[in-house]
Undergrad: 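Let me begin by handing over the structure; questions about it come next.
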2 protein chains.
Amino acid sequence: MNIGEAAAASGLPAKTIRYYEDMGLVAPRRDANGYRSFGEGEIHRLAFLNRARGLGFSLEDCRALLGLYADDGRASEDVRRLAADHLARIDARIAELKAMRETVAGLVSACAGGDRPDCPILDDLATGPLCAHTGKPV
Amino acid sequence: MNIGEAAAASGLPAKTIRYYEDMGLVAPRRDANGYRSFGEGEIHRLAFLNRARGLGFSLEDCRALLGLYADDGRASEDVRRLAADHLARIDARIAELKAMRETVAGLVSACAGGDRPDCPILDDLATGPLCAHTGKPV
DNA sequence: CCTTGACCCTCCAGCTACTGGAAGCATCAT
DNA sequence: ATGATGCTTCCAGTAGCTGGAGGGTCAAGG
């Protein structure tokens, strides 16, 4: 299987597969002509990577997960901890984005739109959030 | 005001202020000794940037927002649209992260932890999600 | 045999938004 | 004079690709 077929089979772009090889995450053999040759095992690894990346694991996490996957003597606790840490980072990021979302949504709905220049969005960015009661910067 | 004071006044690291100057977002004068000299206007711009970045706007968005802020003839609709687009991107990102979160949370709670090697997290990554009824890949 | 088109290869550059560090002046307090 | 800051520039690195240049390979058709 050359890289094009591996890409189709794993769902990853060929460019990404080459990049993962540079990163040491896959190590396909080479044909006499220099073309990469992927076996079942490599395709499996690539699909594993595709799924792990799709769940937001970093490449370093993926490296660790592949290592644990290959290690028959692993403790599932190690995998669980890695995933739990990742979950915590996702939750933190969601919280951050939700806070932004609320503020931005408030600004968007406060702005009338239209041709006039007066805009609460710019006012807020220029002076910081204002107190709803006093109208002064918080 | 030199860069250290500007950093303290705006809340941005000095390094970041220099970077913003490279990007053309601020243009402080220079003293005879070559030091950057920030006036009230620059400090205001930097604080504006700090707040906009804190709401997740890209530097290009910030550039556009500063342009609109400086333009007395602006239409507030332009600002509103920019912010609304940003809001849509935030929402998309949150949805993406929530989907990841649900999957990862499911995997974490399915994994017993402990010393044994059997781990549903790795099983899922290796074969893709399985159907709850048939136990076969979806 | 030659060409055409679709593959494949390597290497380099660029993306976002900084951040760290080295080498070298300027300033200020002692 | 000296040592501690603080300022300057420039270079490199971060994560994870992605695009493109320049070139080799291979199978099919004329």
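For clarity, every value in this text was computed on a predicted model and none was experimentally measured.
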Undergrad: Using the salt bridge (charged side-chain N to carboxylate O under 4.0 Å, His left out) rule, take B/R63 and B/E60 through it: C-alpha gap first, then chi angles, then the decisive distance, then the call.
TA: CA-CA 5 Å; B/R63 190 190 305 281; B/E60 283 318 300; 3.1 Å; yes
Undergrad: Might you list the N or O atoms of the protein lying below 3.5 Å from N or O atoms in nucleotides 1-4 of chain C, with each pair's distance?
TA:
none

Undergrad: Which protein N or O atoms sit under 3.5 Å from an N or O of nucleotides 20-22 of chain C?
TA:
residue, atom, partner, partner atom, Å
C/dG20, N7, B/K15, NZ, 3.1
C/dG20, O6, B/K15, NZ, 3.0
C/dG21, O6, B/K15, NZ, 2.2

Undergrad: If I take atom CG in residue A/L59 and atom P in nucleotide D/dT18, what distance separates them, rounded to the nearest angstrom?
TA: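 In whole Å, D/dT18 P and A/L59 CG are 11 Å from each other.
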Undergrad: Identify the heavy atoms of B/S76 and A/D118 that sit nearest to each other, and give their distance.
TA: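 So the two residues come closest at CB-O, 3.5 Å.
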Undergrad: For B/G34 and A/E60, take the nucleotide of DNA chain D holding the closest heavy atom to each; which residue's nucleotide lies nearer the 5' end?
TA: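 Result: B/G34.
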Undergrad: Starting at OH of A/Y19 and ending at C1' of C/dC8, how long is that distance when rounded to a whole Å?
TA: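 After rounding, the reported distance stands at 21 Å.
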Undergrad: Take A/V79 and A/Y69, measure what side chain to side chain contact (heavy atoms under 4.5 Å, CB included) needs, and give me the verdict at the end.
TA: CA-CA 9 Å; A/V79 186; A/Y69 183 56; over 6 Å; no
Undergrad: Think B/R63 has a side-chain N or O under 4.0 angstrom from the OP1 or OP2 of C/dT16?
TA: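 The answer is no; no side-chain N or O of B/R63 sits under 4.0 Å from OP1 or OP2.
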Undergrad: To the nearest 0.5 Å, what is the distance between CD1 (B/I3) and CD (B/E21)?
TA: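 Reported value, rounded in 0.5 Å steps: 7.5 Å.
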Undergrad: How many whole angstroms separate atom CG of B/L12 from atom P of C/dA17?
TA: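 Spelled out: CG on B/L12 to P on C/dA17 is 14 Å.
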Undergrad: Rounded to whole Å, please give me the gap between CG in A/D31 and P in C/dC9.
TA: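 Nearest whole value for this atom pair: 9 Å.
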Undergrad: According to a strict under-4.0 Å criterion, is A/R36 in side-chain N/O contact with OP1 or OP2 of C/dC8?
TA: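 So the side-chain polar atoms of A/R36 never come under 4.0 Å of the phosphate oxygens OP1 or OP2 of C/dC8.
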Undergrad: For B/F57, what residues pass the ring pair (Phe, Tyr, Trp, His ring centres under 6.0 Å) criterion, not counting sequence neighbours?
TA: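 With neighbours one apart ignored, the set is B/H86.
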Undergrad: Does A/Y20 make a side-chain N or O approach to OP1 or OP2 of D/dC17 shorter than 4.0 Å?
TA: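 So the side chain of A/Y20 is within the cut-off, an N or O lying under 4.0 Å from OP1 or OP2 of D/dC17.
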Undergrad: State whether the side chain of B/R45 and the backbone N or O of B/V26 hold a donor-acceptor pair below 3.5 Å, judged by distance alone.
TA: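 A pair under 3.5 Å: no.
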Undergrad: Would you tabulate the nitrogen or oxygen pairs shorter than 3.5 Å linking the protein to nucleotides 1-6 of chain D?
TA:
residue, atom, partner, partner atom, Å
D/dG6, N2, B/Y35, OH, 3.1

Undergrad: Would you mind checking if B/E96 and B/R93 are paired as a salt bridge, meaning a charged N to carboxylate O distance below 4.0 Å?
TA: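 Looking at B/R93 and B/E96, the cut-off is met.
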Undergrad: Expressed as a whole number of angstroms, how long is the span from B/I17:CD1 to D/dT8:C1'?
TA: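 Whole-Å distance recorded here is 15 Å.
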Undergrad: Expressed as a whole number of angstroms, how long is the span from A/D22:CG to D/dA15:C1'?
TA: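 Rounded to the whole Å, the gap is 14 Å.
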Undergrad: Apply side chain to side chain contact (heavy atoms under 4.5 Å, CB included) to B/N2 and B/F38, showing your working.
TA: CA-CA 6 Å; B/N2 62 22; B/F38 297 83; 6.0 Å; no
Undergrad: Using whole Å, report how far CG of A/N50 lies from P of D/dG16.
TA: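 After rounding, the reported distance stands at 14 Å.
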Undergrad: Are B/Y35 and B/I43 linked, directly or through intermediate hydrophobic residues, by side-chain heavy-atom contacts shorter than 4.5 Å (ILVMFWY only)?
TA: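 Unlinked, B/I43 and B/Y35 end up in two clusters.
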Undergrad: When you match B/N33 and B/G56 each to their closest nucleotide on DNA chain C, which lands nearer the 5' end?
TA: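 Whichever sits nearer the 5' end wins; that is B/G56.
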Undergrad: Identify whether the distance between the nearest side-chain nitrogen and carboxylate oxygen of B/D85 and B/R80 falls below 4.0 Å.
TA: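 Salt bridge flag = no for B/R80 with B/D85.
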Undergrad: OP1 or OP2 of D/dC10 sitting under 4.0 Å from any side-chain N/O of B/R18?
TA: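 Checking B/R18 against D/dC10: no side-chain N or O falls below 4.0 Å of OP1 or OP2.
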Undergrad: Given side chains that start at C-beta, do those of B/L49 and B/T16 come closer than 4.5 Å, heavy atoms only?
TA: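 Side-chain contact under 4.5 Å: no.
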Undergrad: Identify, with sequence neighbours excluded, every residue that meets salt bridge (charged side-chain N to carboxylate O under 4.0 Å, His left out) alongside B/E5.
TA: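 Testing B/E5 for salt bridge (charged side-chain N to carboxylate O under 4.0 Å, His left out), a comparison that skips the adjacent residues, returns none.
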Undergrad: Write down the distance between NE2 (B/H86) and C1' (C/dT16), rounded to a whole number of angstrom.
TA: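 Atom-to-atom, B/H86 to C/dT16, this comes out as 14 Å.
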Undergrad: For a side chain to side chain contact (heavy atoms under 4.5 Å, CB included) check, start with the C-alpha distance between A/R89 and A/D61, then their side-chain angles and the critical distance, and finish with the verdict.
TA: CA-CA 13 Å; A/R89 280 192 298 271; A/D61 282 350; 3.2 Å; yes
Undergrad: In terms of side-chain geometry, is the basic nitrogen of A/K98 or A/E102 positioned less than 4.0 Å from the acidic oxygen of its partner?
TA: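 No salt bridge links A/K98 with A/E102.
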Undergrad: I'd like to know whether CG of A/D71 has more than 12 heavy-atom contacts from other residues, nucleotides or ligands below 6.0 angstrom.
TA: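 Atom CG in A/D71 is packed in, count exceeds 12.
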Undergrad: Distance check: side-chain N/O of B/T16 vs OP1/OP2 of C/dA17, anything under 4.0 Å?
TA: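 No.
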Undergrad: Describe, as an angle rounded to 10 degrees, how the axis at the first end of the helix from C/dC1-D/dG30 to C/dT30-D/dA1 is tilted relative to the axis at the last end, five pairs per end.
TA: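 Nearest ten degrees gives 30° for this helix.
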